[in-house]
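The figures here come from the full heavy-atom set of this structure, side chains too, leaving out hydrogens, waters and symmetry mates. So you know, we letter chains A, B, ... as the sequences are listed, proteins then strands, and number each from 1. Here the structure is a predicted model, which means the values were calculated and not measured.
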Number of protein chains: 2
Amino acid sequence: MSDGTLAVPGRPTLEEVARVAGVSRATVSRVINGSPRVSPEVLSVVEKAIAQLNYVPNRAARSLVARATMSIALVVPEDAHRFFGDPYFADVVQGISDRIDDSDYVLNLQLTHPSSPSEKTRRYLLGGNVDGAIVVSHHSGDHFLASLGQSLPVVFGGRPFGEVSSKTDYYVDVDNRLGAVQATEHLITHGRRAIATITGPTDMPAAIDREQGWRDAVRAAGLSEERLVHGDFTEAGGVRSALTLLDEHPDVDAIFVASDLMASGVMLALEERGLRVPQDVAIVGFDNSRYATRGPIGLTTIAQPSQQMGVVMADTLLRLLSGEHPERVNLLETHLVIRDSA
Amino acid sequence: MSDGTLAVPGRPTLEEVARVAGVSRATVSRVINGSPRVSPEVLSVVEKAIAQLNYVPNRAARSLVARATMSIALVVPEDAHRFFGDPYFADVVQGISDRIDDSDYVLNLQLTHPSSPSEKTRRYLLGGNVDGAIVVSHHSGDHFLASLGQSLPVVFGGRPFGEVSSKTDYYVDVDNRLGAVQATEHLITHGRRAIATITGPTDMPAAIDREQGWRDAVRAAGLSEERLVHGDFTEAGGVRSALTLLDEHPDVDAIFVASDLMASGVMLALEERGLRVPQDVAIVGFDNSRYATRGPIGLTTIAQPSQQMGVVMADTLLRLLSGEHPERVNLLETHLVIRDSA
DNA sequence: CTGAAAGCGCTAACAC
DNA sequence: GTGTTAGCGCTTTCAG
């Protein structure tokens, strides 16, 4: 073992199975792939040999000739803490996972750096390890992922950056702008006038669109657009942003917060400042994740069907891979869920 | 496109690069693999051709001959919600991910069903898609994962079920029993006498060991072992278990809860029942995750170095893969972190 | 320093 | 039905 080899018994090959079963390799291959052109006797002999040797086909060899790996990548350009911290991802992954489980493909999650995927990831994705990819949480500046669709069937979770016209862009999303409008109008309807927003990261389309929705609604009502603080879609960031907001605009009477997770932080900050929700400051979040019902005050929020979005992403990719022509863009519905905070 | 093929341009092959560069395939291969036996002129010509064609080596072909895929699997037998819900996993994954990033391997997360991995996962793991695997959150009854080490280099996060004597078992863990003893003794030292525990799932070694630690400490102090409720390592489960516990044993004055996430639920339940922490009921958790500092009452808890555990898991596997003989068992230290709850 | 040739484990015509 | 024969794209002796 000091020669660097491993203590793993050599995997049996198809050839060995053939030898044990006393047939040709082609026949074994037929058995493995469930071909009907095999006689019952031979079938059973081969199956016995397979079981006896504990044989599992080598996928590298198979995919080399089949030109397909039967696996798809889920690319997440976030560090583990943000990825795990936000229930939105859990829902999306569960949805994708559910849909993939019903197929012949295996899902293969690739965590990469937020800034830009490493060379390793690049080679992995482009090196024929996967037949397609789903990219969630795309940031601007990530040129590689943005153009990945040119080399591989790709579906984005959320509208990707850049020209949507691109022939290779498939994505599923909600109308983030509209959702933000729904949230803000609810606030306006209930008499709020000094309406602020805490946005997501400015390099993410979803965050930009939600900010735009808030601007549109606020402007349409003749209100000020100046109460704005940029956040980062984390709970701790929500606390910080709220504190900044309160310092700069002590008069706010409502906040549209671009994610529930951040809203949860905002509530903490408000409590710390002795402000009551919704009496002093009304809050509307976005996601309808479990954070919306976790604290003492139920969070009014914009619901998006995260898990269903995951299902649709996977479904779109699967259909692409089977040569179908799915919708390029799939926009699911948001709706307002009213609880206590606004 | 109605013939079922995809709109993806054929990947250039090494042979095409060779043709464009006017050299042999062997030479191109040498360039790709950084062989020193290539003249500078040829090197630059080949590199130019590679860049021009945007060539990326086909990994299936490469691993077929190299008998190595340079990728390792992280197997998580949990559904997405439990996996994402518990910060412990985030830490472990971050640690693994950090260590793998420094290597030539890529990490490849496989979510599987908690009960038993699907046939697909089995074939994936055994089919030569990965060179090794890290298994976290192992449950009893999962015979396949328990014996995976016989076919593939495997490192477990947490002591796996079954005979530890097995020559193929590598794992990194903390001394869960000892951690539980530390927690319980802290409670005893502070005068608590009706000390309960809320355990994790009974099919997980970590949960069993923590329960045993509580039993040992409680028994050693001559106290009763009857205040015990089984939980499931989720926050909602913590609420339920606490409620059950309070109904069955209204006299409890302290609870050792087997995870911070559950402890967070327990606090919620206690508040609902009008019980004060720590005055009426003292709480000690386990993990020292972000849930320990999230609520209004700081949670006293047993810290385990989750992220570091991930690093060590990855490191152990990497060393196994390089033919070294790392420690079979790696036990990291726990320690008590005192906050407000006990 | 470079090329020719063999072969990794598997599938897919094509014969028989 | 079953076997024979070519490769899939790459690395790697072995010659030169």
Under 3.5 Å between N/O atoms: give me all the protein pairs with nucleotides 4-8 of chain D, atom names plus distance.
residue	atom	partner	partner atom	Å
D:dA6	N6	A:Arg25	NH2	3.3
D:dC8	O3'	A:Arg67	NH2	2.9

Nearest-angstrom distance from the residue atom [atom1] of [X] to [atom2] of [N]:
X        : N      : atom1 : atom2 : result
B:Ile32  : D:dC10 : CD1   : P     : 7 Å
B:Met70  : D:dT11 : CE    : P     : 13 Å
B:Leu126 : C:dG9  : CG    : C1'   : 16 Å
B:Asn33  : D:dT13 : CG    : C1'   : 15 Å
B:Leu14  : D:dT11 : CG    : P     : 6 Å
A:Arg37  : C:dA15 : CZ    : P     : 15 Å
B:Arg19  : D:dC10 : CZ    : P     : 12 Å

**Complete:** Ranking D:dT11, C:dT2, C:dC10 by distance to the side chain of B:Val38, first place goes to C:dT2
**Prompt:** B:His138 vs B:Phe161 aromatic rings, parallel, tilted or perpendicular, using cut-offs 30° and 60°?
**Reply:** perpendicular
**Parallel, tilted or perpendicular: ring planes of A:Phe84 versus B:Phe83, cut at 30 and 60 degrees** = perpendicular
**Item:** Stretch residues 48-60 of chain A: residues that reach within less than 4.0 Å of DNA chain C through a heavy atom
**Value:** A:Tyr55, A:Pro57, A:Asn58
Less than 3.5 Å apart, any donor N or O on the side chain of [X] or [Y] sitting next to an acceptor on the other?
X        : Y        : answer
A:Gln110 : A:Thr112 : no
B:Glu78  : B:His139 : yes
A:Arg67  : B:Asn58  : no

**Message:** Is there a side chain to side chain donor-acceptor pair (under 3.5 Å) between A:Thr13 and A:Glu15? Walk through the geometry before answering.
**Reply:** CA-CA 5 Å; A:Thr13 69; A:Glu15 172 143 32; 5.2 Å; no
**Message:** Whether A:Asp173 and A:Arg159 form a salt bridge (side-chain N of Lys/Arg under 4.0 Å from carboxylate O of Asp/Glu) is what I want to check.
**Reply:** no
**side chain to side chain donor-acceptor pair (under 3.5 Å) partners of A:Asp91, counting only residues at least two apart** = B:His81
**Asked** Picking from B:Val154, B:Leu152, B:Ile134, what satisfies side-chain contact (heavy atoms from CB on, under 4.5 Å) with B:Ile72?
**Response** B:Ile134
**Prompt:** Taking only N and O in the side chain of A:Ser29, is any of them less than 4.0 Å away from OP1 or OP2 of C:dT11?
**Reply:** yes
**Prompt:** Toward the 5' end of DNA chain D, which comes first, A:Pro36 or B:Arg62, by nearest nucleotide?
**Reply:** A:Pro36
